[in-house]
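Owing to the predicted nature of the structure, the values given are computational and were not obtained by experimental measurement.
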Amino acid sequence: QVQLVASGGGLVQAGGSLRLSCTTSGITFGHHARGWFRQTTGKEREFVAAITWSGGNTRYADSVKDRFTISRDNKKDTVYLQMTNLEPEDTATYSCAAGSLRSYYDQEYDYWGQGTQVTVSS
């Protein structure tokens with residue numbers, strides 16, 4: 001059974017930093033991409049960042065580029081999202097996802113974890 005467990009959310013002041021973690025288990029061969037998404041009440045889920053599991057290629061939404069960094073630890077089966085210079089607009093529930101290499105490009109993922117809340121106060 002595939003499981004993705006996200007953690008690291010919290011309350012932070014604008015300009016602050018947080019690091020989210022997402023540990024996966026039960027992932028079978030072929031799930032080569034991990035992604036972070038976020039969602040606020042009443043809005044559609046928004047892509048944040050993605051990484052390929054083998055080569056470490058990354059991509060970001062324009063809104064977070066140069067402020068967020070996605071990385072992975074293959075040995076720990078964990079993907080991270082380092083968030084710096086946080087803004088109130090970053091407030092959302094952040095979720096991680098796992099998928100094939102195709103997912104890295106089309107953002108259609110196969111497995112999703114529960115969300116972790118990030119709240120940025122002004």
Side-chain angles (χ1 to χ4, degrees):
Q1 182 179 359
V2 175
Q3 286 190 319
L4 293 88
V5 180
S7 61
L11 173 64
V12 64
Q13 288 187 333
S17 300
L18 280 175
R19 189 178 79 156
L20 306 183
S21 301
C22 178
T23 300
T24 61
S25 61
I27 293 288
T28 59
F29 178 80
H31 288 95
H32 295 302
R34 303 287 186 276
W36 283 100
F37 291 77
R38 64 187 183 186
Q39 189 170 21
T40 56
T41 303
K43 292 187 177 181
E44 291 188 357
R45 186 166 56 202
E46 176 189 17
F47 167 75
V48 176
I51 189 168
T52 58
W53 204 243
S54 57
N57 297 313
T58 59
R59 60 187 308 187
Y60 298 91
D62 289 341
S63 59
V64 306
K65 199 173 296 184
D66 298 328
R67 298 189 299 122
F68 291 10
T69 303
I70 188 171
S71 62
R72 91 277 191 224
D73 185 328
N74 295 41
K75 291 184 179 180
K76 294 183 178 179
D77 289 332
T78 299
V79 61
Y80 304 98
L81 185 68
Q82 178 67 49
M83 307 184 293
T84 63
N85 196 18
L86 283 161
E87 303 168 352
E89 293 74 22
D90 295 317
T91 295
T93 300
Y94 285 71
S95 300
C96 57
S100 67
L101 185 59
R102 172 187 55 85
S103 305
Y104 176 80
Y105 296 101
D106 66 14
Q107 300 170 24
E108 296 291 332
Y109 285 81
D110 301 314
Y111 300 103
W112 293 85
Q114 93 294 354
T116 184
Q117 178 67 34
V118 171
T119 303
V120 184
S121 63
S122 57

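- Heavy-atom neighbours of Asp106 CG from other residues, nucleotides or ligands within 6.0 Å: above the threshold of 12.
- Residues forming a side chain to side chain contact (heavy atoms under 4.5 Å, CB included) with Val118 (at least two apart in sequence, or on another chain): Leu18, Leu20, Met83, Tyr94, Val120.
- Under the 3.5 Å distance criterion, the side-chain polar atoms of Tyr104 are matched with a main-chain donor or acceptor of Thr58.
- What you find for Asp62 and Lys65 is that their closest heavy atoms are OD1-NZ, 3.2 Å.
- Proximity of the aromatic rings of Phe47 and Trp36 is defined here by a centroid distance below 6.0 angstrom, and this criterion is not met.
- Glu87 is listed as a side-chain neighbour of Arg67, based on a closest heavy-atom distance under 4.5 Å.
- Distance check: Thr52 OG1 to Ile70 CD1 gives 9.5 Å after rounding to the nearest 0.5 Å.
- Here the side chain of Ser103 pairs a donor or acceptor atom with the backbone of Glu108 at under 3.5 angstrom.
- A salt bridge (Lys or Arg N to Asp or Glu O under 4.0 Å) check over residues 40-53, counting only residues at least two apart or in different chains, returns the pairs Arg38-Glu46.
- Residues Gln117 and Thr93 bring a donor and an acceptor atom of their side chains to less than 3.5 Å of each other.
- Counting only residues at least two apart or on different chains, no side-chain hydrogen bond (donor to acceptor under 3.5 Å, both in side chains) pair has a member in residues 8-21.
- Panel note: side chain Ser63, backbone Ala61; no donor-acceptor pair is recorded below 3.5 Å.
- Expressed to the nearest 0.5 Å, how far CG of Asn57 lies from CG of Leu101 amounts to 8.5 Å.
- One hydrophobic cluster holds both Val79 and Tyr60 under the rule that ILVMFWY side chains link at heavy-atom gaps under 4.5 Å.
- Here the closest non-hydrogen pair linking Tyr109 and Ala50 is OH-CB, 3.5 Å.
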Next on the checklist: Could you walk me through whether Gln107 and Phe37 satisfy the side chain to side chain contact (heavy atoms under 4.5 Å, CB included) test, starting with their C-alpha distance in whole Å, then the side-chain angles of each, then the deciding distance to 0.1 Å, before giving a yes or no?
Outcome noted: CA-CA 10 Å; Gln107 300 170 24; Phe37 291 77; 4.2 Å; yes

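- Here the shortest heavy-atom pairing between Gly99 and Asp110 reads CA-OD2, 3.7 Å.
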Checklist entry - So Thr23 and Lys76, side chain to side chain contact (heavy atoms under 4.5 Å, CB included) or not? Walk me through it. => result CA-CA 7 Å; Thr23 300; Lys76 294 183 178 179; over 6 Å; no

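- Atom OH of Tyr80 and atom CZ of Arg34 lie 12.5 Å apart (nearest 0.5 Å).
- Atom CD of Gln39 and atom OG of Ser95 lie 7.5 Å apart (nearest 0.5 Å).
- Following chains of ILVMFWY side-chain contacts shorter than 4.5 Å, one can reach Trp53 starting from Leu81, so the two form part of one hydrophobic cluster.
- A donor-acceptor pair shorter than 3.5 Å can be found between the side chains of Arg72 and Asn74.
- Atom CG of Leu86 and atom CZ of Phe68 lie 5.0 Å apart (nearest 0.5 Å).
- Side-chain atoms of Thr116 come within 3.5 Å of backbone N or O of Gly9 as a donor-acceptor pair.
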